[in-house]
Undergrad: 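Please read through the structure below; I'll follow up with questions.
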Amino acid sequence: MLKSLKAPVLSFLGFILIGVVLEFGFSAFIQITALFVLVNIILAMSLNLVNGTTGQFSLGHAGFMAVGAYVSAYSSQHWVPLPESLGFLNFIIYAVLAGLFAAFFGFLVGQPSLRLKGDYLAIVTLGFGEIIRVALLNMDFLGGARGIHAIPTLPEGWGLSRFMSQYLFGLFWTVTCFFVLWRIIHSSHGRALLSVREDEIAAEAMGVNTTSMKVRAFVIAAFFAGVAGAMSAHYVRYISPSSFGFLKSVDVVIMVVLGGMGSMTGAIFAAILVTLLPEVLRGLQDLTGVDLRMVIYSLALILVMILRPKGLFGEMELPDLWRRYVRRSS
Amino acid sequence: MSDALLEVSGITMRFGGLKAVDNLSFTLKKGQLGGLIGPNGAGKTTVFNMLTGVYRPTHGDVKLGGRSMVGLRPYQISHHGLTRTFQNIRLFKNLSVLNNVLIATHQHARTGLWAAVARNQAFRKEDREMRERALDLLKIFKLDGKADEQAGSLPYGQQRQLEIVRAMATQPKVILLDEPAAGMNHSETHSLMETIARIRQDFQLTVLLIEHDMKLVMGICENIVVLDHGVKIEEGAPERIRSSPKVIEAYLGVEEE
Amino acid sequence: MKKQILAALLSGLFVVGCTKSGDEIRVGEFGSLTGNEATFGISTNKGIRMAIDEVNEKGGIKGKKIKLITLDDQGKDTEAVQVVTRLITQEKVVAVLGEVASSRTKAAAPIAQEYKIPLITPSSTNPEVTKIGDHVFRVCFIDPFQGYVMAKFASENLKLKKVAILRDVKNDYSVGLADVFAADFKKMGGEITSDISYQAGDVDFKAQLTQIRSKNPDAIYVPGYYTEVGLIAKQARDLGIKAPLMGGDGWDSSKLSEIGKDAINGSYFSNHYTSESTDPVVQDFIKRFKDKYGETPDGLAAMGYDAAKVLITAMERAPDLNPKSIRDEIAKTKDFVGVTGKITLNENRDAVKSAVIVQVQGATNKYVTTINPTP
Amino acid sequence: MQDFLQHVINGLSLGSIYALIALGYTMVYGILQMINFAHSDVYMVGAFASYYAAKWLGIENQPGLMTLATLLVVSMLVCSLLGLTIERLAYRPLRKAPKLNILITAIGVSLFLEYTGQIVFGADPKVFPEVVNDMVLADFGRLQLKSSDITVLIVSLISMVALQFLIHRTKVGRAMRAVSQNAAVAAMLGVNTDRIIAFTFVVGSSLAGVGSVLVGMKYPKIEPLMGMMIGLKAFVAAVLGGIGNITGAVLGGLIMGLSEEMVVAYLSSTYRDALAFGLLILILLFRPAGLLGRYQMEKV
């Protein structure tokens, strides 16, 4: 058991360096953006499991994120399981709770995916996302349209500043999500998911229970989307139904498609790019005085789809790219 | 009846008004090599689809080893040991040859999702075994050299063979081959006949074959069922089929009086 | 490890530094200069800029000129959070002015509170805004008072018995006002015939209005923003509803009569100020505003001006210009003579002020009466 | 009872606008099997085109049939041009690309139009000119029959009848139907598929142009993001009726308009958007091809 924990722990420690660099080198505005990068990486990796690996096109990922965000926000305001000193672990519990709730909704949304394909499934998942948003809009105990304010954030403690504890919390989940998904995809279960994408009828004939595979993909992806929702709730400390609308789902789909369908490292790279692009362009906004961010973002999207339909990484992961492009040239 | 492995009794498939298959019955004994022939559009592939659960027969029953398969999902039927190849090849084109076979062995994987995430002993052992078994199967058709190539990039003949290997990887009792020799030249068909004989013997497999190549069918099938417009018009050993007037008429049509 | 390469790329991208010059006082402002409620942000900005330009012309404060940094939150809550974080942590402002809409102020105020930077909202009337922390102030009245004002006007001045409510569920401001109005109007013996909701951004209200019409109320209280109220008025008249509409300071925009046309005529709304007041301070402000911008100031411009003036006078009184002492001075604001009336900040940092009731007559809003806060 | 009739009128009028826009979605999907997400923003541009045209021609407050006709023509022209350009630049290069890439491109075009619109037209709401002098045609007690509602119904009816005539009675219509059945075979039989596809975009976009003038008339507040929600609902209506099926789109649109009106009237207005999608999910679960669509069994 221990041998298998080596890689995740090592990469977790490795990335703490980035946190330290951010802590001392940069302003809070850049730190918040870095936290959002972690949130989007988890969203992109988890959606990649559904859209990329299993070939089921979901346009409702923000719905699961919303469920996670609300569950974590509400529970953190009303229930403190562990004493103050272990405050950090409280948030892990809230995030797991958020993930489980979102996973349940993933199970629900998974059902229609058994009968519908392609565009129809995309529209139904979009519908689910919107229904979750409107349901939240009508729940007054969750603040209705006005959302929840002053959501508690990660406590300082053990010599860590607020940002560091937020960063570690996010990093913990990013590394966990990465290794869980990476190992599932590179196992027999992962191959079964790929077979559903390739040819459902052949997969079923070869003994793959395609329905349970699809539902499983939705449930796992929804769990991590819920966790990402919980993270963003505690980072922004204010959530409202409108921040989890249809456009948020589109953002995540764009990360998956831009990165390359089925490529996890592609999704990570695209998630970083898509999160940073608007912030980098914000500088441009001061020059031109006009907010060109979204115009450039949507134009870039169209051009990538036409020039590089396979996405930046295609179906390959970073190591394959490394072998193919870097080694050959050296 | 007792040693009949596959019993098909009175299965009918109705699409709206059209009866694609009408009240078909036949049996297949353990280890036997059966043939299912008939002119184009006779309903042969529809029969295969009914046996494997893709279509649910409008009525009639299909028993495998005494258990009824009607109403079960294709993957459940595959777990019971009945597998197939497809008339137009349905390989997982973008995946590697090895992965195509490994997917078929997934149903026998014991280790669960958590084992995969934890990468524990049991998971690594089973993963190794699955790969070895898959490579052994590939060796039969000498495809093990191309294990890492994309299935879609193989030449046509080898893609056909890979589909058979993939079907065998589900550790079936009965294997349904849907026109395996389609598009093959003479020597390829000959080596296919040898391979089918060998896998029947090595793996005690029962085989049901849809084929247009009469030389192949008459050569290796022990019992042949002839379908025409969804109705069984003849059944029996190859000699009986070769001489039966009804079969000739169905294939060659009746001379103008 | 591949993950490390990516993360290194992430931090490498960030070589952003900003220069800090010592000889100016950096004041931040955030508002919706684009998006649905763009006119709110633009009017408030004009009021604030005027106040700051005037003080800079007179040599600024303690020999330093004020540099106003205005960022647009596009009318989105999450954007407001990002923008205020940038103002405080990157632009290093000593005080923040803003936001008209209560929901966006509530989203951004915790950040100002956390970094101990004083924030003055010119016109967020939702009571919870100032509860966020001791660094959050407002120079306008709060919804409990504004709701009470319209309830009092409806029952005592207009002698109405049956009023329907049509509230915008998407905004704290509207929900807050509607609740208070319903409670106060019932206390004054009135009856709420129906309480139906819509969402900011909707365009079709015929279904709700048809339901309201079935109870034929004497008036309809619509405490929403001008963007929807114009359409609601038009569709109400389409359905033959003659009853006048009533609302709050969210109506205060030239676009209201543009969209509503004559359907909105005769309707009343409560506001911070009216350009017809004969008070010389108000008339002088209007003249200077017209000279500078060529248009008469609306309530939000006046509130923006007053908010900036309260900040400026506090900075003049403060011993030094760091946020802590500015905050303490703002808290001591007492009987400040503003364009929108005398401003005194009570212990929960709200302003205790009177409100005016105006009636829409085409493009102008006729002054009807003033309602003072109960002592 | 009069209230119920009033709701029916409101619902039909709202529904016919959904139908007009849904027709655009259904025609493009029928021909290219793609969801043209940008369709709702073509509709938005149509509204702004009429707004600026009215200002420029100085017919801003001269309501009447002439104004209605001019604005309709202007809007249809601008929308058709825009539809053509989008098809030519964004969709044609992707003719062979996987479905998902086309969908993302369509979303990209939609976002591009929305955000450029915010910069070019300005984000604050604008007031649509008066198109038809809005007087009460008939007045049964509380039941108000407004000229604007009637105009919407009449204009939509004319457009749908014209479309039906075009599709089923003309050579171009036959070619369009052929291409939607099987583009490859149609091409072999001498149909210039690219031109027919472009023509479909023209027809679809001009219907959206009609829709935008009607909406501008009924709800005179226009802003760059106005297409988003109405676009989603019109698409749901198209899927409801059976995507690709012309009459289905009209039926879906009317059902959507009526049910939305009834829900807001008798349930609560905040469930308005959820209804649209709830209806869609129910329909798709029980009739995966929509009400009038035909369900193609996947051949094994």
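Chain A is the first sequence line, chain B the second, and so forth, proteins listed ahead of strands; every chain is numbered from 1.
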Undergrad: If you count heavy-atom pairs under 4.5 Å with chain A, which of B:E126, B:Q107, B:R119, B:H79 comes out on top?
TA: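 It is B:R119.
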
Undergrad: Tell me, side chain or backbone of A:I220 under 4.5 Å from chain B's heavy atoms, or both, or neither?
TA: side chain

Undergrad: Would you compute the distance between atom CG of A:L194 and atom CG of B:L102 and round it to the nearest 0.5 angstrom?
TA: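 Result: 11.5 Å between the selected atoms.
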
Undergrad: Would you please test B:Y75 and A:N209 for side chain to side chain contact (heavy atoms under 4.5 Å, CB included) and show each step?
TA: CA-CA 6 Å; B:Y75 79 89; A:N209 180 347; 2.9 Å; yes

Undergrad: So with a 6.0 Å cut-off around CZ of A:F107, is the heavy-atom count from everything else above 12?
TA: no

Undergrad: Looking at every heavy atom in both A:M206 and B:R84, which two are closest together, and how far apart are they?
TA: CE-O, 3.3 Å

Undergrad: Using 0.5 Å steps for rounding, measure from the CD1 atom of B:I103 to the CD atom of A:E198.
TA: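 Going from CD1 on B:I103 over to CD on A:E198, the span is 7.5 Å.
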
Undergrad: Considering only heavy atoms from C-beta outward, does the side chain of B:L113 approach that of A:R216 to under 4.5 Å?
TA: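 Yes; the side chains approach each other to less than 4.5 Å.
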
Undergrad: What heavy-atom pair brings B:T83 and A:A205 nearest, and what distance separates the two atoms?
TA: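 Scanning both residues, the minimum pair turns out to be OG1-O, 4.1 Å.
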
Undergrad: So for B:T85, is it side chain, backbone, both, or neither that comes closer than 4.5 Å to the heavy atoms of chain A?
TA: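 The answer is neither part of B:T85.
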
Undergrad: Looking at B:L82, B:L95, B:I77, which one has more heavy-atom pairs under 4.5 Å with chain A than the rest?
TA: B:L95

Undergrad: What are the two closest heavy atoms between A:H189 and B:A116, and how far apart are they?
TA: CD2-CB, 4.2 Å

Undergrad: Quick check on A:F104: does its CZ atom have over 12 non-hydrogen neighbours (other residues, nucleotides or ligands) under 6.0 Å away?
TA: no

Undergrad: Taking side chain as everything from C-beta outward and backbone as N, CA, C, O, which of these in B:T170 sits under 4.5 Å from a heavy atom of chain A? Side chain, backbone, both or neither.
TA: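 B:T170 touches chain A through side-chain heavy atoms alone.
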
Undergrad: About how many Å separate OG of A:S195 and CG of B:L91, when rounded to the nearest 0.5 Å?
TA: 12.5 Å

Undergrad: Begin with the C-alpha distance, continue with both residues' side-chain angles, and end with the deciding distance and a verdict on salt bridge (Lys or Arg N to Asp or Glu O under 4.0 Å) for A:R191 and B:D127.
TA: CA-CA 12 Å; A:R191 282 189 293 273; B:D127 199 59; 3.5 Å; yes

Undergrad: How about A:F101: does its CZ atom have over 12 heavy atoms from other parts shown lying under 6.0 Å from it?
TA: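 No, CZ of A:F101 has 12 or fewer neighbouring heavy atoms, counting only those of other groups under 6.0 Å.
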
Undergrad: Quick one, B:V117 and A:F179 - any side-chain contact, counting heavy atoms below 4.5 Å?
TA: no

Undergrad: Can you name the closest pair of heavy atoms from A:A202 and B:F92 and give their distance?
TA: CB-CE2, 4.0 Å

Undergrad: Is it the case that atom NZ in B:K125 sees more than 12 heavy atoms from other parts of the structure closer than 6.0 Å?
TA: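 Result for NZ/B:K125: open.
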
Undergrad: Among B:A169, B:G112, B:A167, B:A109, single out the residue with the greatest number of heavy-atom pairs under 4.5 Å to chain A.
TA: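 Maximum pair count with chain A is reached by B:G112.
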
Undergrad: Considering only heavy atoms from C-beta outward, does the side chain of A:T211 approach that of B:R73 to under 4.5 Å?
TA: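 Result yes, sub-4.5 Å side-chain heavy-atom pair found.
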
Undergrad: Measure B:N94 against the heavy atoms of chain A and call it side chain, backbone, both or neither at under 4.5 Å.
TA: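 The answer is both parts of B:N94.
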
Undergrad: Given heavy-atom pairs under 4.5 angstrom as the criterion, report whether the side chain, backbone, both or neither of B:H106 touches chain A.
TA: both

Undergrad: Out of B:A104, B:P74, B:A115, B:S78, which one racks up the most heavy-atom pairs below 4.5 Å with chain A?
TA: B:P74

